[in-house]
Amino acid sequence: MSDRCELSDLPTGQCACRNHAPKPPRDTYDFSTLTRFLARFDSDCAGCGNRMHEGDLIARTDYGEYICEECAS
């Protein structure tokens, strides 16, 4: 039996939630339209993998990933 998604209760191979949907290629991001804001907690940048800290300037991509200011530029 395959693993099931906690969000949709579907098998993970059939699920398209934010955790299991295929990620689009990074070169399709339109960084010029991203709104920047201050991070509310520590996390890792989806673009480069560097650590982002609370208070850092970050952006959210159209795909729901959070990236650092350097990757958003």
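Computed over heavy atoms, backbone and side chain alike; hydrogens, waters and symmetry mates excluded.
A distance-only check finds a donor-acceptor pair linking the side chain of R4 to the backbone of D9 [under 3.5 Å].
Smallest separation of non-hydrogen atoms from A46 and E65: CB-CB, 3.6 Å. Closest approach of T12 and C5 over heavy atoms only: CG2-N, 4.0 Å. Closest approach of F37 to R60, counting heavy atoms only: CE2-N, 3.9 Å. Taking both residues in full, the closest heavy atoms of L34 and T61 are given as CD2-CA, 3.8 Å, listed atom of the first, atom of the second, then distance. Summarising the geometry of C68 relative to C45, their closest heavy-atom pair is N-SG, 3.3 Å, with the distance given to 0.1 Å.
For R51, the CZ atom sits in a packed shell: over 12 heavy atoms of surrounding residues, nucleotides or ligands are nearer than 6.0 Å.
Atom CD of E70 and atom CG of N50 lie 7.0 Å apart (nearest 0.5 Å).
The pair R36-E69 meets the salt-bridge criterion, with a side-chain N (NZ, NE, NH1 or NH2) lying under 4.0 Å from an Asp/Glu carboxylate O.
No side-chain heavy atom of F41 sits under 4.5 Å from any side-chain heavy atom of E54.
A single hydrophobic cluster is not seen to contain both L57 and I67; linkage of ILVMFWY side chains at heavy-atom distances under 4.5 Å, directly or through other members, places them apart.
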